Student: 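Structure in structure tokens, see below.
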Amino acid sequence: MGETTSWVDVGSVGSEIGSAAIDIREVCFADVGCGLNSAPNDSYPVPDPIPNKLARWVPAVISIIAVLLVGVTFRYILVARKKKELASQMTAIQKKMEAMKNIDTELMDIGQIVEEAKKRQASLITKRAALQDTPSTWSDSLETLVPISPEDEEYWSVFTKMRETLPNVHISSLWRVQNSSLWSYYSFHKDRLEMNNIPSNERRVWHGTSSLDPSVVYNDQMDGFMMQFAAEGLWGRGIYFADKAAYSKNYSHTPAKKSQTNARQNPKKGESEMFLARLLVGKETKLAQNRSLTVPPTDSSSGLKYNSVTGHTNGSQVWIVYENGRAYPEYLVRYYTGSRDASRSPYESKAEASKKSKKWKTSDFELDVPTISTQLNADMSHGFWEYLSDSGWVAYDTFNQTLIEKTFQESTRNAAASGVVVIKGPQWEYEVDVENKTQTNVQHAACKQRTIRFHPTCLQAP
């Protein structure tokens with residue numbers, strides 16, 4: 001049996017409208033409950049009791065959602081900023097790449113211009129070489145290095161100059177450098193000096209290449225002696241040349257045991273190499289040692305820089321130039337010191353070579369020299385002849401001493417004698433007038449004239 005529910009009187013209802021008298025607080029409504037002050041209806045429903053049940057977890061959910069929203073928003077901001085920075089960096093890189101591309105294009109254009117200029121320069125040098133007179137000593141050989149025989153006068157000219165300061169030296173091989181392009185460029189520098197009213201002041205000087213193979217110099221088509229290989233010396237970084245072979249001997253090149261070129265046969269033990277070169281000194285200035293020099297100082301009288309610097313060290317005058325193209329490697333000398341080796345140096349003297357050589361005419365040398373040399377030893381024991389060079393008084397070599405003295409003696413004995421003799425130097429022929437004490441270069445266009453004198457030897461009193 002189910003539980004019996006008793007009815008409760010909550011009010012009364014009459015037949016008339018509005019006659020109902022009901023105590024609502026005593027009425028219980030389904031799904032709502034009891035104790036309401038007014039009856040629920042469609043316009044004013046009773047609040048849903050469910051929100052009261054959700055009130056505890058909704059704030060937590062809202063907080064979590066809020067935190068997530070903040071995190072997402074912050075991440076969005078970071079990503080957006082990073083994208084902006086990345087875009088800025090990409091723009092900068094693109095601009096840099098574009099600038100580099102433009103520079104590369106310009107460099108390629110300049111490279112092409114430089115290459116064309118070099119080709120043009122080489123072409124002009126070749127054309128100039130075709131018009132340029134070459135030294136009279138050059139042969140028809142197409143080789144750059146031309147061997148000079150011990151039976152040639154050139155050989156003994158170089159030997160004599162070398163012996164001035166290396167009395168026990170012997171030449172084992174001598175080569176003349178016949179490089180038309182290099183000679184033309186050297187001549188261009190010489191003409192440039194003279195066109196600017198600067199005497200070329202050309203000298204024959206010595207140069208040792210140390211560890212650098214001489215082939216780098218004599219095979220070059222433009223500069224020869226190059227600043228690229230210059231080291232810092234007592235007068236700064238420049239190309240050094242010496243008046244005395246004894247000085248350049250300290251910088252001689254020791255050739256490799258097996259020559260890298262067919263022109264230079266394998267050397268023997270104790271042999272070294274150095275250049276006898278032509279140098280365009282131009283206007284020089286004498287300075288104390290100064291390792292900081294990179295260019296010559298300025299001449300206060302003209303406002304232009306000197307062409308070269310000169311000074312003295314280790315018993316020799318040296319000249320330093322600070323640009324390419326100012327020197328020409330005229331001869332490459334391979335030498336040794338000590339006792340003469342007949343297999344390398346077949347002749348003891350020029351006189352011995354002339355007797356065995358078919359290249360010299362008997363009337364030119366063989367008959368003249370021995371007789372006059374004997375007279376010279378007796379007649380000239382009291383002095384010698386010399387000429388005034390740009391660097392001071394220089395004595396003539398033995399052979400030319402003989403010719404000048406013979407001419408002088410003849411002019412003193414015979415009033416009708418001209419007192420003039422033609423002598424041959426390493427480069428030019430000269431006309432020496434013993435009466436007027438002058439020497440004239442008869443092969444040079446300017447016919448340069450120098451003063452000569454007889455220098456007496458002072459003998460000690462007994």
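A quick note: this is a predicted structure, and the numbers were derived from the prediction, not measured. As a basis for the values below, the full set of heavy atoms in this structure was taken, side chains included, without hydrogen atoms, waters or symmetry mates.
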Student: Could you tell me whether E348 and R340 make a salt bridge, using a distance below 4.0 angstrom between a side-chain N and a carboxylate O?
Tutor: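 Yes, E348 and R340 are salt-bridged.
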Student: Would you say N324's side chain and M227's backbone share a donor-acceptor pair under 3.5 angstrom?
Tutor: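 Answer holds: yes.
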Student: Quick one: pull up OG in S272 and NE2 in H253 and give me the separation to the nearest 0.5 Å.
Tutor: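 It is 9.0 Å, given to the nearest 0.5 Å.
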Student: Let me have the donor-acceptor pairs involving side chains of residues 100-108, under 3.5 Å, with sequence neighbours excluded, atom names and distances please.
Tutor:
unit_1 : atom_1 : unit_2 : atom_2 : d
N102   : ND2    : E98    : O      : 3.2
T105   : OG1    : K101   : O      : 2.8

Student: Should the pair E330-R278 be classified as a salt bridge under the 4.0 Å nitrogen-to-oxygen rule?
Tutor: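 R278 and E330: salt-bridged.
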Student: Would you give the length of the straight line joining atom CD1 of I423 to atom OH of Y387, rounded to the nearest 0.5 angstrom?
Tutor: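 If we round to the nearest 0.5 Å, I423:CD1 and Y387:OH are 8.5 Å apart.
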Student: Answer yes or no on whether K350 is positioned over the face of F399, meaning its NZ or CZ is under 6.0 Å from the six-membered ring centre and within 45° of the axis.
Tutor: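 Judged by the rule, K350 and F399 form a cation-pi pair.
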Student: Can a side-chain donor-acceptor contact be found between Q221 and Y185 if the only test is distance below 3.5 angstrom?
Tutor: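 Side chains of Y185 and Q221: no pair found under 3.5 Å.
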Student: Rounded to the nearest 0.5 Å, what's the gap from CD1 on I148 to OG on S157? Could you check?
Tutor: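 Going from CD1 on I148 over to OG on S157, the span is 11.0 Å.
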Student: Can W385 and I452 be said to form a side chain to side chain contact (heavy atoms under 4.5 Å, CB included), step by step?
Tutor: CA-CA 7 Å; W385 290 92; I452 70 168; 4.2 Å; yes
Student: With a 6.0 Å cut-off on ring centres, are F454 and F408 close enough?
Tutor: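 For F454 and F408, the ring centres are not under 6.0 Å apart.
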Student: Decide yes or no for S252 and Y335: does some side-chain heavy atom of the first lie under 4.5 Å from some side-chain heavy atom of the second?
Tutor: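 Counting from C-beta outward, S252 and Y335 do come under 4.5 Å.
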Student: Does a donor on one side chain sit under 3.5 Å from an acceptor on the other, for S343 and D341?
Tutor: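 The criterion, which ignores hydrogens and geometry beyond distance, is satisfied for D341 and S343.
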Student: Please tell me if the side chains of P297 and L287 come closer than 4.5 Å, counting only heavy atoms from C-beta onward.
Tutor: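 Yes. Closest side-chain heavy atoms under 4.5 Å.
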Student: Give the C-alpha distance, both sets of side-chain angles, the deciding distance and a yes or no for side chain to side chain contact (heavy atoms under 4.5 Å, CB included) between E202 and V281.
Tutor: CA-CA 6 Å; E202 187 180 58; V281 174; over 6 Å; no
Student: Would you kindly say whether E405 and Q409 are connected by a side-chain donor-acceptor distance under 3.5 Å?
Tutor: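 Indeed, the side chains of E405 and Q409 share at least one donor-acceptor pair under 3.5 Å.
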Student: Report yes or no: does T165 contribute a side-chain atom to a donor-acceptor pair with the main-chain N or O of K244 at less than 3.5 Å?
Tutor: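 Answer holds: no.
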Student: Whether the side chain of N179 engages the backbone of L182 through a donor-acceptor N/O pair (distance < 3.5 Å, no angle test) should be reported.
Tutor: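 At least one qualifying donor-acceptor pair exists.
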Student: Could you tell me whether R203 sits above the aromatic face of F241, with NZ or CZ closer than 6.0 angstrom to the six-membered ring centre and within 45 degrees of the axis?
Tutor: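 So R203 doesn't make the cation-pi contact.
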Student: Could you tell me whether the side chain of T298 and the main chain of S300 form a donor-acceptor pair under 3.5 Å?
Tutor: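 Not a single qualifying donor-acceptor pair exists.
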Student: Say whether Y306 and D299, considering side chains only, have a donor N or O and an acceptor N or O under 3.5 Å apart.
Tutor: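 The criterion, which ignores hydrogens and geometry beyond distance, is satisfied for D299 and Y306.
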Student: Any side-chain donor-acceptor pair under 3.5 Å between Y396 and Q439?
Tutor: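 Yes, a side-chain donor-acceptor pair sits under 3.5 Å.
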Student: Treating K437 as the side-chain partner and V434 as the backbone partner, does any N or O pair qualify as donor plus acceptor under 3.5 Å?
Tutor: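 At least one qualifying donor-acceptor pair exists.
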Student: Could you go through the side chain to side chain contact (heavy atoms under 4.5 Å, CB included) check for R81 and V79 one step at a time?
Tutor: CA-CA 5 Å; R81 183 180 296 174; V79 171; over 6 Å; no
Student: Between N436 and T438, do the side chains contain a donor N or O and an acceptor N or O under 3.5 Å apart?
Tutor: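 Result is no, nothing qualifies.
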Student: Check whether the side chains of T144 and Q178 place a donor and an acceptor atom closer than 3.5 Å, and report yes or no.
Tutor: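 Judged by distance alone, the side chains do not pair up.
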Student: Supply the atom-to-atom distance L280 CG to N307 CG, rounded to the nearest 0.5 angstrom.
Tutor: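 Here the interatomic distance stands at 9.0 Å.
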Student: Calculate, to the nearest 0.5 Å, the distance between atoms OG1 and CD belonging to T451 and Q449 respectively.
Tutor: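 One finds 7.5 Å between OG1 of T451 and CD of Q449.
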Student: Is the OH atom of Y322 crowded by more than 12 outside heavy atoms at less than 6.0 Å?
Tutor: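 Count over threshold, so yes.
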Student: What distance separates D397 CG from T402 OG1, expressed to the nearest 0.5 Å?
Tutor: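 Taking CG in D397 and OG1 in T402, the distance rounds to 8.5 Å.
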Student: Could you tell me if S172 and E271 have a donor-acceptor pair between their side chains, going purely by distance under 3.5 Å?
Tutor: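 A donor-acceptor contact under 3.5 Å links the two side chains.
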Student: Considering residues, nucleotides and ligands other than L69, do more than 12 of their heavy atoms fall under 6.0 Å from its CG?
Tutor: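 Above 12, so yes.
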Student: Has the side chain of Y328 got a donor or acceptor atom that lies under 3.5 Å from a matching backbone atom of V177?
Tutor: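 Yes: the side chain of Y328 pairs with the backbone of V177.
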Student: Are side-chain N/O atoms of E154 and Y331 paired as donor and acceptor at under 3.5 Å?
Tutor: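 Indeed, the side chains of E154 and Y331 share at least one donor-acceptor pair under 3.5 Å.
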Student: Using 30° and 60° as the class boundaries, would you call the ring planes of W183 and Y186 parallel, tilted or perpendicular?
Tutor: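 Ring orientation, 0 to 90° scale: tilted.
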Student: Can you label the angle between the W235 ring and the Y240 ring as parallel, tilted or perpendicular, going by 30° and 60°?
Tutor: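 W235 vs Y240 ring planes: tilted.
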Student: Go through R237 and E232 one step at a time and tell me if the salt bridge (charged side-chain N to carboxylate O under 4.0 Å, His left out) criterion holds.
Tutor: CA-CA 4 Å; R237 184 171 177 269; E232 181 183 303; over 6 Å; no
Student: I'd like to know if the side chain of D220 and the backbone of M222 have a donor-acceptor N/O pair within less than 3.5 Å.
Tutor: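 Looks like yes, one N/O pair under 3.5 Å.
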Student: Quick one: does T91's side chain have a donor or acceptor within less than 3.5 Å of a partner on A87's backbone?
Tutor: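 Present.
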Student: Under 4.0 Å between a side-chain nitrogen and a carboxylate oxygen: does that hold for D213 and R264?
Tutor: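 Salt bridge: yes.
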Student: Between Y251 and Y247, does the ring centroid distance fall short of 6.0 Å?
Tutor: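 They qualify: ring centres under 6.0 Å apart.
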Student: Indicate yes or no: does R192 engage E323 in a salt bridge with an N to O separation below 4.0 Å.
Tutor: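 Between E323 and R192 there is a salt bridge, with a charged N closer than 4.0 Å to a carboxylate O.
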Student: Given M274 and H207, is the side chain to side chain contact (heavy atoms under 4.5 Å, CB included) satisfied, shown in steps?
Tutor: CA-CA 6 Å; M274 71 169 80; H207 179 87; over 6 Å; no
Student: Decide whether S308 and E284 meet the rule of one side-chain donor and one side-chain acceptor closer than 3.5 Å.
Tutor: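 Judged by distance alone, the side chains do not pair up.
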